[in-house]
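Right, one structure below, let's go through it.
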Amino acid sequence: MTGTSVAPRVHTGEELAELDHRHLLHPFTPVGVSEQLVIVSGQGCEVTDSHGRSYLDGRSGQYNATLGYGHPRVLAALREQSEKLMTYALLGASNEAAVLLAAKLAELYGEPLTHSLFCNSGSEANEAAVRIVRMYHAMRGQPERTTVLSLAEGYHGTTIAMSAMTASPLLWAGCGPLPGGFAHVPTPRCAACATGAAHDGCVVPGPEALEEAILAHGAERVAAFIVEPVLGVGGIRPLPEGYLRAVREICDRHGVLLILDEITTGLGRTGVWFAHQREGIRPDVITTAKGLTSGYVPFAAVTMTSTVAEAFAGDPMLGGLRHGHTTSGHALGAAVALTVLDVLDTDGVVANAAAAGERLCGQLAQRLGGLPGVREVRGVGLLAAVEFDSFMRAAQVVGACRAAGVIVRCEGTVLSVAPPLVVTAEQVDRIVDALYAGVLAADAAPPTQ
Ligand code: PMP
């Protein structure tokens, strides 16, 4: 090696698109599709692509960039922690950032949610939660309690067990055999949904479907029920009011643990710290990821009650909690998460999400509700959706928004809107304006096929 320094080669937008096409696999995307949008930088709620075009990020990446891009305090925390100690594994030792984050989460949730295990992704956190609830029952002399119930339209990740727990034909096709021990409960939804009518407060099929499933499997064989307070991938569907309260009571009656998947909904996304707080209930286990580090570092948490955690206090020969990863509690992620939690609080970000969310949901309902092709507008806080009458129309609106400098995405007929929690009122209006214009344009020029 000589001492001459060589400036890194800057690739053109076309070159990046070509390399992407040839070498990079994208989640849930057919191989061979040319992805023209290559993001190279970001600041605040805006990202810039490889052609120098800027976009308002109306989806926060994948719901995770909650504080937006280039946040100075988060970057400083990342830099400081990496210079001090990149990490130290939590085996026979601990690291300062992981300790402080676990304590901070305990303070944030309050008793009895006192203990956290850290992972690297949402799927891993849910997978850990499943292993934890099964081992919990086994350690307490009920090893036959293994079945984990989830909603038929819930989404919990893509590891092999999380695919089994997510009843999606898309995840199941061609990747069996899937592990057993999972069963699905009908999603609470109003019978009138198919007509596009509002379904607030609807509980048909309601929480009794959970009790029926528990009894059908035999309560003594059911370990836990896992649920998202707002179905995310399942169409941004807030659960009917009262549902979580009712399932909490049903779980208690049958000795079944309640796991809340707040990977998308937690940490301010719905305008409150955690979506389940609206129902005044406490889970036995809660999983968070995405917004926990605002997407700056892959990181996730499984937080549980002291009762669950203490089941693993027994004989060290049994290995205590027989679960974890080399990177569980990685110090960079933990330090970033600590800063993110502090920013959410001290900078009034959760309060901003509540106000901006009200504006977003209100304006979407007011301006898009009733437009041609719009079946329903729904959401809570900064987690909103516009459901269309066809996938083609939803895709057309996404395209129109992108051309207007706003990134949103659709899964099937559901277009979701979830900007960073630091979004301003003016940026909310820009998103709604782009959607409104996109819907009108799609109606004026419907797709030919
Ligand atoms: N649970 C929910 C509710 C999610 O929305 C997601 C991701 N979309 C996951 C779990 C899986 O998280 P990850 O993609 O980080 O594995």
Side-chain angles (χ1 to χ4, degrees), residues 25-29 57 59-66 117-133 148-168 170-172 175 182 184-185 187 224-239 243-244 258-270 274-276 283 285-303 325 327-328 330 333 336-337 340 379-385 408-412 414-418 421:
L25 293 185
H26 292 248
F28 296 100
T29 309
D57 185 1
R59 172 87 174 228
S60 308
Q62 177 63 353
Y63 306 112
N64 55 345
T66 50
L117 169 77
F118 298 124
C119 307
N120 307 294
S121 69
S123 301
E124 277 183 13
N126 284 338
E127 179 102 14
V130 167
R131 281 177 45 81
I132 285 168
V133 295
V148 177
L149 300 172
S150 57
L151 288 183
E153 291 169 74
Y155 179 89
H156 302 290
T158 55
T159 58
I160 193 89
M162 291 308 94
S163 306
M165 201 159 84
T166 300
S168 155
L170 211 68
L171 292 190
W172 288 5
C175 84
F182 297 98
H184 301 96
V185 175
T187 305
F225 173 54
I226 182 167
V227 64
E228 303 154 83
V230 180
L231 270 62
V233 175
I236 316 289
R237 293 178 195 285
L239 293 177
Y243 182 83
L244 283 182
L258 176 62
I259 308 171
L260 291 182
D261 177 343
E262 290 239 28
I263 285 164
T264 293
T265 56
L267 299 154
R269 173 55 67 195
T270 71
F274 297 97
H276 71 270
V285 178
I286 180 166
T287 54
T288 49
K290 297 192 191 284
L292 184 54
T293 51
S294 185
Y296 281 77
V297 182
F299 202 80
V302 188
T303 303
H325 311 282
T327 47
S328 291
H330 196 281
V336 165
V340 167
V380 52
L382 285 173
L383 189 56
V408 285
R409 275 204 288 282
C410 61
E411 274 89 29
V414 178
L415 182 155
S416 58
V417 189
L421 309 186

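For ligands, and for the atoms within them, numbers begin at 1 and follow the listed sequence.
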Review point. Rounded to the nearest 0.5 Å, how far does OG1 of Thr288 lie from CZ of Phe118?
Key: 8.0 Å
Review point. Are Thr264 and Tyr155 close enough that a side-chain donor and a side-chain acceptor fall under 3.5 Å?
Key: no
Exercise for review: Could you walk me through whether Val227 and Asp261 pass the side chain to side chain contact (heavy atoms under 4.5 Å, CB included) test, one step at a time?
Suggested key: CA-CA 6 Å; Val227 64; Asp261 177 343; over 6 Å; no
Point to revise | Residues which pass side chain to side chain contact (heavy atoms under 4.5 Å, CB included) with Glu127, listed by chain and number, not counting sequence neighbours | key: Thr159, Ala161, Met162
Exercise for review: Check the pair His156 / Ser123 against side chain to side chain contact (heavy atoms under 4.5 Å, CB included), numbers first and verdict last.
Suggested key: CA-CA 6 Å; His156 302 290; Ser123 301; over 6 Å; no
Check your understanding: ligand 1: which residues have a non-hydrogen atom closer than 4.0 Å?
Key -> Ser121, Gly122, Ser123, Asn126, Tyr155, His156, Gly157, Glu228, Asp261, Ile263, Thr264, Lys290
**Study point:** Side-chain H-bond candidate by donor/acceptor type, Thr66 with Arg269, under 3.5 Å
**Key:** no
